[in-house]
Amino acid sequence: MSVLVLAEHGNAQLDEATARAVSAALCLGNDIHVLVAGKGCHDVALAAASLDGVSKVLVAEGESLANQLAEPLADLIVAQSGGYDAIVAASTSTGKNVMPRVAALLDVMQISDVIAIDGPDLFRRPIYAGSIVQTVRSKDPKRVLTIRASAFRPVGQGEAKPIETVEVAPSSSLSTFVANAVAVSERPDLTSARIVVSGGRGMGSADNFETVLAPLADTLGAALGASRAAVDAGYVSNDLQVGQTGKIVAPDLYIACGISGAIQHLAGMKDSKVIVAINKDAEAPIFQVADYGLVADLFEAVPELKGTLASAT
Amino acid sequence: MKILVAIKRVADPNVKVRLRSDGSGLDLAAVKMTMNPFDEIAVEEAVRLREAGIASEVVVVSVGPEKATETLRTALAMGADRGLLVRTEATTEPLAVAKALSAVAGEEQPALILLGKQAVDDDCNQTGQMLAAKLGWPQATFASQLTVNGDRATVIREVDGGSQTLALALPAIVTADLRLNEPRYASLPNIMKAKKKPLEERQPSDYGLVIEERLEVVRLEEPPTRAAGIKVKSVAELVERLKTEAGVLA
Ligand SMILES: Cc1cc2nc3c(=O)[nH]c(=O)nc-3n(C[C@H](O)[C@H](O)[C@H](O)COP(=O)(O)OP(=O)(O)OC[C@H]3O[C@@H](n4cnc5c(N)ncnc54)[C@H](O)[C@@H]3O)c2cc1C
């Protein structure tokens, strides 16, 4: 089977989600091509070409592809799709935006957020915020999938494979890019961090996030995360939301502070290896999934935890 | 300007859905059903655009079972003007729904179609994008802000790295994210008024469509639950256990 994988990148750097999507693609076949679409993304193509399991990289560059807009990107993928049995992208905001458009143009029913591949046409995926896992058999001749990155181990790096340039047909400019507001952070990326420190409504304010929670994250070299309630209240920006409708994380250690543990939040972190919960309410549902629960006021416990860890190193 | 809003009836997101004890499917018999929360946000946005004098009519449409009439009534009580049910008791996969909505859009000729970014039952996050493809329209998914100005819409989208602003030529598709607005509760007088608003029912065959399934569900299972952990008594004990027992701290 031959599989086309859409590279996830920001023109300068290849995102780790791509190595995970390649890993999923290898469950389907062994002729894996990676499509790098963007502008000025030569380094990305080089990085993609050195991923284990990849046999070829296709690079498509153009102004219309600079910001991964759905319309030209979908047209490009459809134009390239001919020889492939499956098209795979990670469930990133780009993958989720463009792949259903591709699927509909190909008259295929997409399989979203795949967590396991049991056969060439058999896929497992969570529904109802992860309360249920369904296994579906695709009846379509071609498969279009988005995969949950945290469910697949990234492939390693090996020798470089060939890179080919593909033509980009002019695409009607139905939508135009205006601006990106990129959240800049010195901290590790939330979806690939080994440790995540998350705060909820219990944090009380943006200021507390910065002065109480962030120092703990920095002591641990951890990424910061948040519940929807914390984002809605404006304590932190939207890109930190963990959950059913935010980011899905599975770090070695997840520390939830002042988070009650609603099912929509658990959907985004319950595959973490070790979960710690700090909450003053002993009945909070988060304790049902926590390996280690501490019933305490976070404004005392978090600084103490930070202090203990900092003095130990 | 006419706005079409697509809505879905789903299980209440506050209820944990389980499997029937004999494993034969989802146990939804006693579960309260409601409008998909993202769709409520889409309806609210459309109603606000009409209240602001930008939209002239808000039409809500659902592709689903007879019971979805209740969901459409809720949208009418929130302020939508007219409802349409494309009735089917079959499983409604996003591709099939997008085809039906595309046919409806052909008749209604809206300038803007709003949908929720995902339905919280199947968690697919596809219908809006698929509809945009079928119509050949531009799309802006995961919207946290929408401004309509003449024949253009400006949308701020929530993306992995932060936010992105797009300008779209109308007609266009916009899918709503959580922070687009806070939907209103329908007041009792508006619930009464909604009973008199027009609500039409059509069949997929009226549009020459058959609702077909491309994915066969071969198994449903509850994921393994995490083994219950322990409560620690102090921060010192927590750190000790993370180091020695869990081995996640050096
Ligand atoms: C369609 C939909 C999608 C959603 N998607 C998401 C999602 O992706 N991610 C998500 O997180 N949520 C999501 N939600 C929201 C979810 O249902 C919850 O409302 C949300 O997760 C609650 O956030 P929270 O735990 O921070 O707040 P709360 O539930 O209010 O909990 C706050 C907790 O903090 C504790 N606390 C307060 N003060 C202190 C203190 N001083 N010390 C210690 N503990 C303290 C309290 O005991 C409480 O347990 C979604 C909901 C819907 C309907």
Side-chain angles (χ1 to χ4, degrees), chain A residues 70-71 74 92-93 96-97 100-101 103-105 109-113 126-140 174-183 228 232 237-239 244-245 252-253 263-264 270 273-274 276 288-295 301 304-305 308-309, chain B residues 11 13 16-19 26 93-95 98 118 120-126 129-130 132-134 137-142 144 154 158-169 178-179 214-223 226 228-232 235-236 238-239 241-242 246 248:
Chain A
E71 302 83 4
T92 56
S93 52
K96 289 188 276 199
N97 187 39
R101 193 168 177 115
L105 291 172
M109 176 56 204
Q110 172 179 297
I111 306 137
S112 293
D113 220 13
I127 56 175
Y128 290 99
S131 300
I132 308 281
V133 174
Q134 66 171 194
T135 303
V136 294
R137 185 189 306 282
S138 165
K139 301 180 204 168
D140 285 310
L174 295 167
S175 65
T176 45
F177 170 79
V178 179
N180 267 337
V182 182
R228 172 194 172 179
D232 283 2
S237 59
N238 64 273
D239 51 293
Q244 178 192 21
T245 61
D252 288 349
L253 175 59
I263 174 169
Q264 291 88 359
K270 69 174 163 29
K273 205 164 124 214
V274 175
V276 169
Q288 289 162 21
V289 300
D291 300 285
Y292 301 105
L294 178 62
V295 181
E304 189 186 338
L305 179 56
T308 310
L309 294 168
Chain B
K16 186 165 159 60
V17 170
R18 294 183 186 281
L19 292 179
L26 296 171
E93 291 175 353
L95 183 65
Q118 90 190 58
V120 296
D121 52 359
D122 60 25
D123 280 333
C124 275
N125 195 334
Q126 299 174 0
Q129 298 88 312
M130 288 184 158
K134 291 286 169 208
W137 291 5
Q139 68 184 56
T141 50
F142 327 146
S144 61
T154 307
E158 293 196 358
V159 294
D160 289 345
S163 65
Q164 181 185 61
T165 308
L166 294 181
L168 311 178
L178 291 170
R179 283 167 282 274
R214 301 290 186 84
L215 301 181
E216 178 200 347
V217 177
V218 295
R219 195 168 61 237
L220 292 169
E221 59 203 320
E222 290 184 16
R226 288 184 78 97
I230 56 157
K231 291 244 170 75
V232 292
V235 167
L238 174 62
V239 173
R241 287 188 184 267
L242 287 176
V248 288

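The basis for the numbers below is simple: all heavy atoms, side chains too, and nothing from hydrogens, waters or symmetry mates. To find a chain, count down the sequence lines: A is the first, B the second, and so on, and within it residues start at 1.
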A.B. asks: Give, as side chain, backbone, both or neither, the part of B/Q126 having an atom under 4.5 angstrom from any heavy atom of chain A.
C.D. replies: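 Both parts, backbone and side chain.
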
A.B. asks: What option among A/I132, A/I127, A/N180 has the most heavy-atom pairs under 4.5 Å with chain B?
C.D. replies: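 When all of A/I132, A/I127, A/N180 are compared, A/I132 has the most.
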
A.B. asks: For the residue pair B/C124 and A/S112, what are the closest heavy atoms and their distance?
C.D. replies: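 Between these two residues, the closest heavy atoms are O-OG, 2.8 Å.
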
A.B. asks: Is A/T176 in contact with chain B via its backbone, its side chain, both, or neither, using a 4.5 Å heavy-atom distance?
C.D. replies: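 Both backbone and side chain.
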
A.B. asks: Taking B/A169, B/A167, B/A246 one by one, which has the highest count of heavy-atom pairs under 4.5 Å against chain A?
C.D. replies: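 The answer is B/A167.
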
A.B. asks: Can you check whether A/M109 reaches B/P94 side chain to side chain, under 4.5 Å on heavy atoms?
C.D. replies: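 Yes, close enough: below the 4.5 Å cut-off.
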
A.B. asks: Between B/W137 and A/R101, which heavy-atom pair has the shortest distance, and what is it?
C.D. replies: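 Where B/W137 meets A/R101 most closely, the heavy atoms are O-NH1, 2.8 Å.
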
A.B. asks: How far does OG of A/S131 sit from CG of B/L19, to the nearest 0.5 angstrom?
C.D. replies: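 Rounded to the nearest 0.5 Å, the OG-CG separation comes out at 9.5 Å.
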
A.B. asks: Quick one, A/Q110 and B/L95 - any side-chain contact, counting heavy atoms below 4.5 Å?
C.D. replies: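 A side-chain contact under 4.5 Å is absent here.
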
A.B. asks: When heavy-atom pairs shorter than 4.5 Å are enumerated against chain B, which of A/K96, A/K270, A/K273 gives the highest number?
C.D. replies: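 Looking at each of A/K96, A/K270, A/K273 in turn, A/K96 comes out on top.
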
A.B. asks: Is B/R226 reaching over with its side chain to a backbone N or O of A/V289, donor-acceptor style, under 3.5 angstrom?
C.D. replies: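 At least one qualifying donor-acceptor pair exists.
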
A.B. asks: What residue in B/L242, B/L215, B/T141 has the most heavy-atom pairs under 4.5 Å with chain A?
C.D. replies: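 When all of B/L242, B/L215, B/T141 are compared, B/L215 has the most.
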
A.B. asks: Measuring heavy-atom distances to chain A, does B/V218 have an atom under 4.5 Å in its side chain, in its backbone, in both, or in neither?
C.D. replies: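 When you check distances to chain A, atoms from both the backbone and side chain of B/V218 fall under 4.5 Å.
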
A.B. asks: Looking at B/V239, B/L178, B/D122, which one has more heavy-atom pairs under 4.5 Å with chain A than the rest?
C.D. replies: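 Of B/V239, B/L178, B/D122, B/L178 has the most heavy-atom pairs under 4.5 Å with chain A.
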
A.B. asks: Does any part of the side chain of A/Y128, heavy atoms only, come nearer than 4.5 Å to the side chain of B/V120, both counted from C-beta?
C.D. replies: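 Counting from C-beta outward, B/V120 and A/Y128 never come under 4.5 Å.
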
A.B. asks: What verdict does the side-chain contact (heavy atoms from CB on, under 4.5 Å) test give for B/R219 and A/V133, after you've listed the backbone C-alpha separation in whole Å, the side-chain angles of each residue and the deciding distance to 0.1 Å?
C.D. replies: CA-CA 8 Å; B/R219 195 168 61 237; A/V133 174; over 6 Å; no

A.B. asks: Which bit of B/A132 is near chain A, if near means a heavy-atom gap under 4.5 Å: side chain, backbone, both or neither?
C.D. replies: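 Both parts, backbone and side chain.
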
A.B. asks: Identify the heavy atoms of A/Y292 and B/R241 that sit nearest to each other, and give their distance.
C.D. replies: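 Where A/Y292 meets B/R241 most closely, the heavy atoms are CE2-CD, 3.7 Å.
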
A.B. asks: Among A/V276, A/I263, A/D113, which residue has the highest count of heavy-atom pairs closer than 4.5 Å to chain B?
C.D. replies: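 Option with the greatest count: A/V276.
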
A.B. asks: Over all heavy atoms of both residues, which pair between B/V159 and A/N238 is shortest? Give the atoms and the distance, please.
C.D. replies: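 Minimum heavy-atom separation between B/V159 and A/N238: O-ND2, 3.8 Å.
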
A.B. asks: Tell me which of these, B/Q164, B/E158, B/R179, B/K16, has more heavy-atom pairs under 4.5 Å with chain A than the rest.
C.D. replies: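 Winner by heavy-atom pair count: B/R179.
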
A.B. asks: Do side-chain atoms of B/K134 reach the backbone of A/A104 as a donor and acceptor pair under 3.5 angstrom?
C.D. replies: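 Between the backbone of A/A104 and the side chain of B/K134 there is a qualifying donor-acceptor contact (under 3.5 Å).
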
A.B. asks: Checking A/Q244 against chain B: side chain, backbone, both or neither under 4.5 Å from a heavy atom?
C.D. replies: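 Contact with chain B is through both the backbone and side chain of A/Q244.
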
A.B. asks: Under a 4.5 Å heavy-atom cut-off, does chain B meet the side chain of A/A301, its backbone, both or neither?
C.D. replies: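 Contact with chain B involves both backbone and side-chain atoms of A/A301.
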
A.B. asks: Just give me the residue among B/A133, B/G229, B/P13 that pairs up with chain A most often, heavy atom to heavy atom, under 4.5 Å.
C.D. replies: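 The residue among B/A133, B/G229, B/P13 with the greatest pair count is B/A133.
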
A.B. asks: Which residues pass the side-chain hydrogen bond (donor to acceptor under 3.5 Å, both in side chains) test with A/T92, sequence neighbours left out?
C.D. replies: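 Partners of A/T92 under the side-chain hydrogen bond (donor to acceptor under 3.5 Å, both in side chains) test: A/E8.
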
A.B. asks: So how far is it from B/Q129 CD to A/L105 CG, rounded to the nearest 0.5 Å?
C.D. replies: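 The CG atom of A/L105 is 12.0 Å from CD of B/Q129, to the nearest 0.5 Å.
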
A.B. asks: Would you tell me whether B/Q139 and A/N97 have side-chain atoms, one donor and one acceptor, within less than 3.5 Å of each other?
C.D. replies: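 B/Q139 vs A/N97: donor-acceptor pair found between side chains.
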
A.B. asks: Measure across A/S175 and B/L168 and return the closest heavy-atom pair with its distance rounded to 0.1 Å.
C.D. replies: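 So the two residues come closest at CB-CD2, 3.2 Å.
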
A.B. asks: Among A/V274, A/V295, A/L253, A/T245, single out the residue with the greatest number of heavy-atom pairs under 4.5 Å to chain B.
C.D. replies: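 Answer, by heavy-atom pair count under 4.5 Å with chain B: A/T245.
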
A.B. asks: Which residue out of A/D252, A/D140, A/L305 racks up the most heavy-atom pairs below 4.5 Å with chain B?
C.D. replies: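 Winner by heavy-atom pair count: A/D140.
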
A.B. asks: Please state whether the side chain, the backbone, both or neither of B/L220 comes within less than 4.5 Å of a heavy atom of chain A.
C.D. replies: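 Contact with chain A involves both backbone and side-chain atoms of B/L220.
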
A.B. asks: Write down the atom of A/V178, the atom of B/L166, and the distance for their closest heavy-atom approach.
C.D. replies: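 Of all heavy-atom pairs spanning A/V178 and B/L166, the closest is CG2-C, 3.9 Å.
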
